Amino acid sequence: MSSAPPAAALFPPPPDAVSLYDGKVMHARLKPKPHRFVYRVFSLLIDLDRLERAGRISRLFSVGRFNLVAFHERDHGPGDGSSLSAHARELSARAGVDLAGGRVLLLCYPRILGYAFNPLATYWCYGTNGDLRAVIYEVTNTFKERHAYVAPVREGELTAAGLRQTRDKLMYVSPFLDMAMSYAFRLRPPGDGVRLRILQRDAEGPILSATFAGERRALTSASLAGLCARMPLMTLKVIAAIHWEAARLWAKGVALAEHPPAPSASASFDAPGSIRHGRPPTRRSSTPPAPRQIKNAAQP
């Protein structure tokens, strides 16, 4: 009986210090009122241990300074400009994942003319042999709150069809979605293309599907100029679209959800404890639970 191919043979990461993924974002709300939209966007995949090299590839792209397109470490993680590679490796180590000798790549929106907002940025954490060992889902809401869901790649999660992981929702994101929900992540790790699908579920079933599908392009001055010409001020449009679509939902009569405090911890881990990672949320009881005090997380 032949053994399954190693993970490194399934989805080897791109060798470049930085790449572009040109594609589309789609959101489809399934209930209580159907709502769907599609926007064209492009993302950056950057090797967090080769930032200096990435910043020398194009005159239109910089790392840590202003340009037409730029990447700043302070836009992610602790938000203080410290090493994001060290940040991802520390989080992975706390989840029992050793990344010594491996790469850490970040898929995110870049800054365009100095502005960026990333509702979701994903860290792809690889071992020495190029095997995908963990994904860190970094969620940021419009209230300047951020939480990292650290997800080691467990046996059976990564197959030729892609990566399948599940996490409980721990931080408030949309004013129109309650907290008692879970995320089902269905991913095709970055290579010639990348696919992200997030199915959000409540106790009664699926409520929201969000996807990003992008095709890899080399980062050059020509490719950056072309993408920025076709999608001018893209990152400003991202935040504008969030508020526009929220207004449309409100106009449809979708009820607002209560905004609880952010988790006291800036990251959650796949480990035994109170976090029910991997399990569907329980159906709500007709008797409200006793109030629980949660301290606000320190914001970057």
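Just so it is clear, the model here is predicted, and its values are computed rather than measured.
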Would you please test Glu145 and Val173 for side-chain contact (heavy atoms from CB on, under 4.5 Å) and show each step?
-> CA-CA 9 Å; Glu145 297 168 338; Val173 178; over 6 Å; no
Do Phe185 and Leu163 pass the side-chain contact (heavy atoms from CB on, under 4.5 Å) test, and can you show the C-alpha distance, the side-chain angles, and the key distance before you say yes or no?
-> CA-CA 8 Å; Phe185 298 99; Leu163 178 65; over 6 Å; no
Please walk me through it: do Arg111 and Phe66 pass side-chain contact (heavy atoms from CB on, under 4.5 Å)?
-> CA-CA 9 Å; Arg111 287 193 187 189; Phe66 181 84; over 6 Å; no
Could you give me the CA-CA distance, side-chain angles and deciding distance for Ser58 and Thr220, then say whether side-chain hydrogen bond (donor to acceptor under 3.5 Å, both in side chains) is met?
-> CA-CA 6 Å; Ser58 166; Thr220 65; over 6 Å; no
Can you check ring-ring contact (aromatic ring centres under 6.0 Å, His included) on Tyr172 and Phe143, steps first, answer last?
-> CA-CA 9 Å; Tyr172 182 88; Phe143 304 94; 5.8 Å; yes
Should Ile136 and Cys125 be marked as a side-chain contact (heavy atoms from CB on, under 4.5 Å) after you check the CA-CA gap, both sets of side-chain angles, and the distance that decides it?
-> CA-CA 8 Å; Ile136 300 172; Cys125 305; 4.2 Å; yes
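Inter-residue side-chain proximity for Arg186 and Leu199 is flagged as unmet; no heavy-atom pair is nearer than 4.5 Å. Counting heavy atoms from C-beta on, the side chains of Val38 and Val25 never come closer than 4.5 Å. The closest side-chain heavy-atom distance from Pro175 to Trp250 is not below 4.5 Å. In this structure, Pro232 and Lys237 have side chains that are in contact, with non-hydrogen atoms separated by less than 4.5 Å. Two residues are said to be in side-chain contact when any heavy atoms from C-beta on lie closer than 4.5 Å; Pro13 and Arg103 meet this criterion. Residues Ile198 and Leu120 meet the side-chain proximity criterion, which asks for heavy atoms closer than 4.5 Å. In this structure, the side chains of Met234 and Val41 come closer than 4.5 Å at one or more pairs of heavy atoms. At a threshold of 4.5 Å between non-hydrogen side-chain atoms, the residues Leu187 and Tyr137 count as touching.
A pairwise comparison of heavy atoms in Ala134 and Val153 identifies N-CG2, 3.7 Å as the closest pair. Arg188 and Ala161 get closest at one heavy-atom pair: NH1-O, 4.2 Å. For His72 against Arg65, the heavy-atom pair with the smallest separation is CE1-N, 3.4 Å. Among all heavy-atom pairs drawn from Arg59 and Asn67, the shortest one is O-ND2, 2.9 Å. Closest heavy-atom contact between Ala116 and Pro110: CB-O, 3.4 Å. The shortest heavy-atom contact between Leu224 and Phe61 is CD1-CB, 3.6 Å.
Residues Arg74 and Asp80 are not paired through a salt bridge, judged by the lack of any N-O separation under 4.0 Å between the basic side chain and the carboxylate. Classification of Glu215 and Arg195 as a salt-bridged pair holds, one side-chain N sitting under 4.0 Å from a carboxylate O. A salt bridge links Asp49 with Arg89: the closest approach of a Lys/Arg side-chain nitrogen to an acidic carboxylate oxygen falls below 4.0 angstrom. Between Arg216 and Asp22 there is no salt bridge, since no side-chain nitrogen of the basic residue lies less than 4.0 Å from a carboxylate oxygen of the acidic one.
A distance-only check finds a donor-acceptor pair linking the side chain of Ser223 to the backbone of Ala218 [under 3.5 Å]. For Thr128 (side chain) and Ala100 (main-chain N/O), a donor-acceptor pair under 3.5 Å exists by modelled atom type. Asn118 contributes no side-chain N or O that, together with a main-chain N or O of Ala121, makes up a donor-acceptor pair within less than 3.5 Å. Asn141 contributes a side-chain N or O that, together with a main-chain N or O of Lys144, makes up a donor-acceptor pair within less than 3.5 Å. Under the 3.5 Å distance criterion, the side-chain polar atoms of Lys24 are left unmatched by any main-chain donor or acceptor of Tyr39.
With a 6.0 Å radius and a threshold of 12 heavy atoms from other residues, nucleotides or ligands, Arg164 has its CZ atom at or below the threshold. Taking a 6.0 Å sphere around NZ of Lys31, one finds it holds more than 12 heavy atoms contributed by other residues, nucleotides or ligands.
In this structure, Leu233 is a member of the same hydrophobic cluster as Leu44, with clusters built from ILVMFWY side-chain heavy atoms closer than 4.5 Å. Leu249 and Phe37 fall into different hydrophobic clusters, where Ile, Leu, Val, Met, Phe, Trp and Tyr residues are linked whenever their side-chain heavy atoms come under 4.5 Å apart, directly or through other members. Trp244 and Ile242 are not part of a single hydrophobic cluster, where members link through side-chain heavy atoms under 4.5 Å apart. Linking Ile, Leu, Val, Met, Phe, Trp and Tyr whenever their side-chain heavy atoms come within less than 4.5 Å puts Val18 and Leu68 in one cluster. Grouping the Ile, Leu, Val, Met, Phe, Trp and Tyr side chains by contacts below 4.5 angstrom, directly or via other members, places Tyr183 apart from Leu30.
A parallel orientation is assigned to the rings of His76 and Phe71, their planes being inclined by less than 30° (bins at 30° and 60°).
Evaluated for a side chain to side chain contact (heavy atoms under 4.5 Å, CB included) with Tyr126, the options Leu99, Val104, Leu132 yield exactly one hit, Leu132. Among His147, Arg146, Met171, the single residue meeting the side chain to side chain contact (heavy atoms under 4.5 Å, CB included) criterion with Thr140 is Arg146.
Expressed to the nearest 0.5 Å, how far OG of Ser174 lies from CG of Leu208 amounts to 8.0 Å. Distance CD1/Ile57 to CG/Asp16: 6.5 Å, rounded to 0.5 Å. If you take CG on Asp131 and CG on Leu158, they are separated by 9.5 Å, rounding to the nearest 0.5 Å. Here the NE2-CE distance, from His259 to Met179, works out to 8.5 Å after rounding to the nearest 0.5 Å. Distance OH/Tyr21 to CZ/Phe212: 9.0 Å, rounded to 0.5 Å. Note that CZ of Arg50 and CG of Leu105 are 9.0 Å apart. Values are rounded to the nearest 0.5 Å.
When only modelled atom types and interatomic distance are considered, His27 and Glu245 share no side-chain donor-acceptor pair under 3.5 Å. Side-chain contact of Gln165 with Tyr149: a donor-acceptor pair under 3.5 Å is absent, judged by distance alone. Remark: the Glu138 side chain and the Tyr123 side chain contain an N/O donor-acceptor pair separated by less than 3.5 Å.
Here Tyr115 and Phe117 keep their ring centres 6.0 angstrom or further from each other.
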